Number of protein chains: 2
Amino acid sequence: MENELAIGIDIGGTKIAAGLVDAEGRVVEEVRRATPGHDARAVERTVAALVAELGAQAPGAAVGVGAAGWMDLSGSTVLFSPHLAWRNEPLRARLEEMVGRRVLLCNDADAAGWAEYRYGAAAGESHAVVLTLGTGIGGAMVTDGVLQRGRFGVAGEFGHQTLVHEGHRCACGNRGCWEQYASGNALGREGRGLLAAGSPVAHALRDAAGGNADAVTGELVTRLAASGDAACRDLLVDAGHWLGIGIANLAAVLDPGIVVIGGGLGSAAPLLIDTAADTYRRTLSGRSYRPFARVVRAALGPAAGLIGAADLARRAPAED
Amino acid sequence: MENELAIGIDIGGTKIAAGLVDAEGRVVEEVRRATPGHDARAVERTVAALVAELGAQAPGAAVGVGAAGWMDLSGSTVLFSPHLAWRNEPLRARLEEMVGRRVLLCNDADAAGWAEYRYGAAAGESHAVVLTLGTGIGGAMVTDGVLQRGRFGVAGEFGHQTLVHEGHRCACGNRGCWEQYASGNALGREGRGLLAAGSPVAHALRDAAGGNADAVTGELVTRLAASGDAACRDLLVDAGHWLGIGIANLAAVLDPGIVVIGGGLGSAAPLLIDTAADTYRRTLSGRSYRPFARVVRAALGPAAGLIGAADLARRAPAED
């Protein structure tokens, strides 16, 4: 089955990307649609339409669907999704009925991490951690060629490590989670905080936001930092520092050989990654008595999610 | 080889325990010696004498030696040991020469965790985390029957997760490590703090310590708590709370099916473990949308380390 084409779909907050992917991880064809808001049924219909469109060229192709959220171990049920109203939803069966072919559900960060392991920056590594940095922090672990999903399918939620006791509130129910300090949302919050404080160092950010703190996003901060604005560069360095502390935490637990950083923010902000790598080396528990993992940028870009979803579907046992 | 006896040795801070262990994990014979201080050569001679003594009854037995510290992946070299002057030490070759048989080096918490997986509280579990609670926090992970040691052999150092930004200093080089809040050392520090503050709630602890704050240890706090002293019970509850927060952190990363808590402190303080289990359930990221791991006490007691070391040695490939 390894030679077959597979269809990979990555459901994001703003767009749904779908691709026909060959066994070498090449995207033979790609189609995108806007995500139809928070309407789960509309999202499902869009997925089915994309499968029909791409599937015309690959009648037997398996379908992998990656989305933010928790999928059960068998890839059949969405336990929880932050953006859509999927709660203990037997989504696989419904999609299979809609598209008339085999479907696998997977976590979007697991899919992207698997793709980086199979075809990207973590290829050939025995112990890889892959972070997908966007509005939050997604995570995946691949150990000896196996995507580690834990006992219930929910492993790799690295962004919800507590790093700061009684820190910023997180939607997961806790406080002080890593992704409250090292993510696009964190950059946006800190940028808005600078404007709200009337800080003179944030003049460029204030201008770019039209004087409206609510218009400040992580993307805006990242863009201004890339153009050289000092205040926004400082915010990226702060976030990169937290990113490195969290990577050191993961290394205490997992001792990986490589940490790959991808996602929209990861690919847009080399300063963030360089800072994270420095802080990781400064913060690794027992440093100087143990080897360091390499901390590197992802190789596959925004198609990683659909490439990984396609490959996971291709490799899934046919019977389940 | 599975039916053979093996020799397991557990080098602790105060005693060295050695046992002859059968393939069902039973300790057929056990011998103990005081640990000869911090003299690495004297420790090695004691290990050799114990192997000679037990080995007379089992000529071909493999030898597993567990100690606090980091062993390389092959079980040949001690990268670092906190109590003894082993630094990048090819200890395995030296011990093999001294004892005339095959030796495997392993981390003491890995050995204890493996024993709980093979014969104890985690038997039959696909995703197990085992904590060894003593002066610090030792950790082990077993996934699908494999002891996970990471890329360089240093995985499972759970006690050195950062939980508190800019928190208590740790010997690992960082601040705010988990084991600074949920360990015997943490209990001792907090007990000494109560005495140093002249706190009237600590009257029983002050009496038991003969009025000398320096005489307060984690063991003393645990003993007074067991006898019902309210102030020491509060300290155990505080430590148990931190223990639960750290377990929730591990669950965000690993999603285990079971968390086993052993070690000297773990077995002496059910209040600590009950509190940890409650806090874990209150702190798990995304609780109510995912299953909980079971949080349980270890089954094997203080011999877990030598039992696990023996079994790991028995199962090691003969050629390396």
Side-chain angles (χ1 to χ4, degrees), chain A residues 69-70 79-80 82 87-88 125-128 139 141 143-144 146 148-165 167 170-174 176-178 181 242 245-246 248-258 282-293, chain B residues 69-70 79-80 82 87-88 125-128 139 141 143-144 146 148-165 167 170-174 176-178 181 242 245-246 248-258 282-293:
Chain A
W70 294 339
L79 299 174
F80 169 77
R87 302 284 185 272
N88 259 313
E125 295 285 340
S126 63
H127 293 75
M141 299 178 273
T143 307
D144 293 325
V146 177
Q148 298 292 338
R149 301 191 50 218
R151 170 64 182 83
F152 305 110
V154 190
E157 289 290 330
F158 306 145
H160 298 291
Q161 299 180 89
T162 300
L163 275 198
V164 181
H165 182 58
C170 183
C172 83
N174 292 339
C177 291
W178 189 21
Y181 296 83
W242 283 111
I245 291 175
N249 257 23
L250 290 180
V253 173
L254 299 172
D255 186 25
I258 189 167
R282 169 64 182 80
T283 315
L284 181 64
S285 174
R287 50 196 172 274
S288 87
Y289 292 107
R290 58 186 290 190
F292 287 107
Chain B
W70 295 338
L79 299 173
F80 169 76
R87 302 284 185 273
N88 258 313
E125 295 285 339
S126 64
H127 293 75
M141 298 178 273
T143 308
D144 292 327
V146 178
Q148 297 291 339
R149 300 191 50 218
R151 170 64 182 82
F152 305 109
V154 191
E157 289 290 331
F158 305 144
H160 298 290
Q161 300 179 86
T162 300
L163 275 198
V164 180
H165 181 58
C170 184
C172 83
N174 291 339
C177 292
W178 189 21
Y181 296 83
W242 284 111
I245 291 174
N249 257 24
L250 290 179
V253 174
L254 300 171
D255 186 24
I258 189 168
R282 170 63 182 79
T283 315
L284 180 65
S285 173
R287 51 196 171 274
S288 88
Y289 292 107
R290 58 187 290 191
F292 288 107

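For clarity, every value in this text was computed on a predicted model and none was experimentally measured. Labels below follow one simple rule: chain letters A, B, ... track the order of the sequence lines, proteins then strands, and each chain is numbered from 1.
- Neither the backbone nor the side chain of Y181(B) has a heavy atom closer than 4.5 Å to any heavy atom of chain A.
- If you measure heavy-atom distances from T143(B) to chain A, the contacts under 4.5 Å come from the side chain alone.
- Heavy atoms closer than 4.5 Å to chain A are found in the backbone of P256(B), but not in its side chain.
- Note that the CD atom of Q148(A) and the CG atom of D255(B) stand 11.0 Å from one another [nearest 0.5 Å].
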Yes or no on side chain to side chain contact (heavy atoms under 4.5 Å, CB included) for Y289(A) and L79(B), after CA distance, side-chain angles and deciding distance?
-> CA-CA 6 Å; Y289(A) 292 107; L79(B) 299 173; 5.7 Å; no
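- Exactly one of E157(A), Q161(A), H160(A) qualifies for a side chain to side chain contact (heavy atoms under 4.5 Å, CB included) with V253(B). That residue is Q161(A).
- For the set D144(A), N174(A), L163(A), N88(A), the entry with the most heavy-atom pairs within less than 4.5 Å of chain B is N174(A).
- With a 4.5 Å cut-off on non-hydrogen atoms, L250(A) touches chain B through its side chain but not through its backbone.
- With hydrogens and angles disregarded, no donor-acceptor distance shorter than 3.5 Å links the side chain of R290(B) to the backbone of W70(A).
- Taking CZ from F158(A) and CG from N249(B), the interatomic distance works out to 12.0 Å, rounded to the nearest 0.5 Å.
- Among the candidates R287(B), R87(B), H127(B), the residue making the largest number of heavy-atom pairs closer than 4.5 Å to chain A is H127(B).
- Note on A251(B), C172(B), C177(B): by heavy-atom pairs under 4.5 Å with chain A, the leading option is C172(B).
- Of the atoms belonging to R149(A), it is backbone heavy atoms, and not side-chain ones, that fall under 4.5 Å from chain B.
- At a 4.5 Å heavy-atom cutoff, the contact between S126(B) and chain A is made by side-chain atoms alone.
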